Amino acid sequence: MALLAAFGRLMHYVHPEISHRLGSLLFSIPLPSCRCERWWSVGGVRVCGPVGVAAGLDKSGLYARFLSSFCPGFLVVGSTLPRTRRGNKPPRVARVWPYSMVNAMGLNSPGIARVVSRLSGLDYPIFISVAGFSVSDFAAQLAYLERYFRPDAVELNISSPTYRGFWRDVPTLGGARLPVFVKVGPSVDLRLVVRHVREVGWGLVVTNTLPVDDGRLSTGRGGLSGLLLYKYGIKLLERARRLAGGEVPIIYSGGLYTCAQLREVLKLADAAEVLTSILYYTPYILTLLNRCGDTQR
């Protein structure tokens, strides 16, 4: 664990594109999975604790075994697409102080079939985050999961800044036979989405990255994550809970680093997800936050 902490500190001084590649090598080590010693319910979905790994860290399914060794509540793998997509050209990641990042990955994915094939035999709560550029992209992937993999839950990522507009047609997916959470962000009409998820019995994930301009990225613009997102995210969580009442399960994602933040989040949300804090403080933060979460039962 000391070696992992030293690696994390070293990565603070390395260009994020290089640290991303080095981290990919480390996260690919197939460590043994943690054994769940406690259980947590998120909208009826049984997980190992209140704090999971957010979508975007393990897009390909290669890191899930390594991450499961740190006893997260659950692992969100993806976002996936029906087919392979390369994403944007580098540079795609930049650090922002304090403890934040901006990225423009561009929904890179090896395709859903390859992703889930890498998860075979992993006995740990798995959510699959599904993305797409049309409603048919989402429908095809839901059908694939129902037939070939059946994760513990699915996140419908309608909030990526890479695409816009068609999320209003997502209600046509209401016949899904898996537990579903809809991930919302700044570009989504929250009132409309909440109304729909209440009708069909789905949950919410609040929030995705916040679009910002950044000339260090190849696209000149990307999504802000990390500590700077927290104040915005918690306000969106408060609004989502007011609109949803107590009927809709909500997972919070955005700038979560500390036990004090987790206590604030769990007053409104049923669970939480982290990503950028893992990149700054190594996956051991998953173990620490889930220990804190035990006191919130």
Side-chain angles (χ1 to χ4, degrees), residues 42-43 52 54-56 59 76 78-81 102-107 109 127-139 141-142 153-176 178-213 219 221-226 228-256 265 268-276:
V42 186
K59 289 173 171 284
V76 184
S79 293
T80 64
L81 291 168
V102 60
N103 85 85
M105 301 302 290
L107 280 178
S109 173
F127 293 16
I128 300 293
S129 173
V130 172
F133 294 90
S134 67
V135 173
S136 62
D137 280 354
F138 282 85
Q141 291 179 91
L142 283 171
V154 175
E155 285 188 8
L156 298 183
N157 178 7
I158 64 171
S159 58
S160 171
T162 303
Y163 50 76
R164 298 183 181 88
F166 75 88
W167 59 265
R168 293 177 181 275
D169 298 323
V170 166
T172 61
L173 300 172
L178 293 166
V180 172
F181 293 81
V182 179
K183 189 168 188 176
V184 298
S187 62
V188 170
D189 184 334
L190 185 59
R191 186 179 298 275
L192 182 64
V193 174
V194 167
R195 185 174 66 193
H196 175 63
V197 298
R198 292 182 70 170
E199 289 172 354
V200 297
W202 290 351
L204 288 173
V205 181
V206 179
T207 176
N208 205 333
T209 56
L210 185 66
V212 294
D213 294 328
T219 57
R221 189 169 175 80
L224 177 70
S225 65
L228 288 173
L229 186 64
Y230 184 72
K231 286 185 178 180
Y232 167 82
I234 204 74
K235 288 181 181 177
L236 192 63
L237 173 61
E238 290 169 350
R239 182 166 178 250
R241 182 51 78 195
R242 284 197 303 271
L243 291 170
E247 308 162 30
V248 175
I250 300 178
I251 301 173
Y252 176 77
S253 179
L256 180 61
V265 164
L268 298 165
D270 300 86
E273 299 172 357
V274 294
L275 191 162
T276 307

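Along the sequence shown, the residues carry numbers beginning at 1. Note that the structure is a prediction, hence the values are computed from the model and not measured.
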Evaluate the criterion side chain to side chain contact (heavy atoms under 4.5 Å, CB included) for residue pair Lys183 and Ser159; output intermediate values, then yes/no.
-> CA-CA 6 Å; Lys183 189 168 188 176; Ser159 58; 3.7 Å; yes
Applying side chain to side chain contact (heavy atoms under 4.5 Å, CB included), run through Ile251 and Phe127 and close with a yes or a no.
-> CA-CA 12 Å; Ile251 301 173; Phe127 293 16; 3.9 Å; yes
From CA spacing to verdict: side chain to side chain contact (heavy atoms under 4.5 Å, CB included), Val130, Glu155 | CA-CA 6 Å; Val130 172; Glu155 285 188 8; over 6 Å; no
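Residue Leu81 holds its CG atom at 8.5 Å from NZ of Lys59, rounded to the nearest 0.5 Å. Taking CG from Leu243 and CG from Leu192, the interatomic distance works out to 11.0 Å, rounded to the nearest 0.5 Å. Between Leu236 atom CG and Ile250 atom CD1 the span is 9.5 Å, to the nearest 0.5 Å. Note that CE of Met105 is 12.0 Å distant from OG1 of Thr209, once rounded to the nearest 0.5 Å.
When side chains are defined from C-beta on, Leu156 does not count as touching Phe181, because their heavy atoms never get closer than 4.5 Å. The shortest distance between side-chain heavy atoms of Glu273 and Val76 falls below 4.5 Å. For the pair Val184 and Leu204, the minimum side-chain heavy-atom distance is below 4.5 Å. In this structure, Val197 and Val182 have side chains that are in contact, with non-hydrogen atoms separated by less than 4.5 Å. Contact annotation: the side chain of Ile158 approaches that of Val193 to within less than 4.5 Å [non-hydrogen atoms, C-beta and beyond].
Counted within 6.0 Å of CZ on Arg191, heavy atoms from surrounding residues, nucleotides or ligands total 12 or fewer; the atom is thus considered open.
Smallest separation of non-hydrogen atoms from Leu237 and Val265: CD2-O, 4.1 Å. Contact between Leu256 and Ala272 at its shortest, heavy atoms only, is CD2-CB, 3.6 Å. Taking every heavy atom of both residues into account, Leu275 and Ala55 meet most closely at CD1-O, 3.2 Å. Taking all atoms of both residues into account, the shortest heavy-atom contact from Arg221 to Val212 is CG-O, 3.2 Å. For the pair Gly185 and Tyr232, the tightest heavy-atom approach, listed with the atom from each and the gap, is C-OH, 4.5 Å. The minimum heavy-atom distance linking Thr207 with Gly233 is given by the pair CG2-CA, 4.0 Å.
Using cut-offs of 30° and 60° for the angle between ring planes, the Tyr252 and Tyr230 rings count as perpendicular.
Formation of a donor-acceptor pair under 3.5 Å by the Glu247 side chain with backbone atoms of Arg198 is not found in this model.
For Ser225 and Thr276, the side-chain atoms include at least one donor-acceptor pair closer than 3.5 Å. If you check the side chains of Ser129 and Asn157, you find no donor sitting under 3.5 Å from an acceptor.
A salt bridge does not link Arg195 to Asp189: none of the charged side-chain nitrogens sits closer than 4.0 Å to a carboxylate oxygen.
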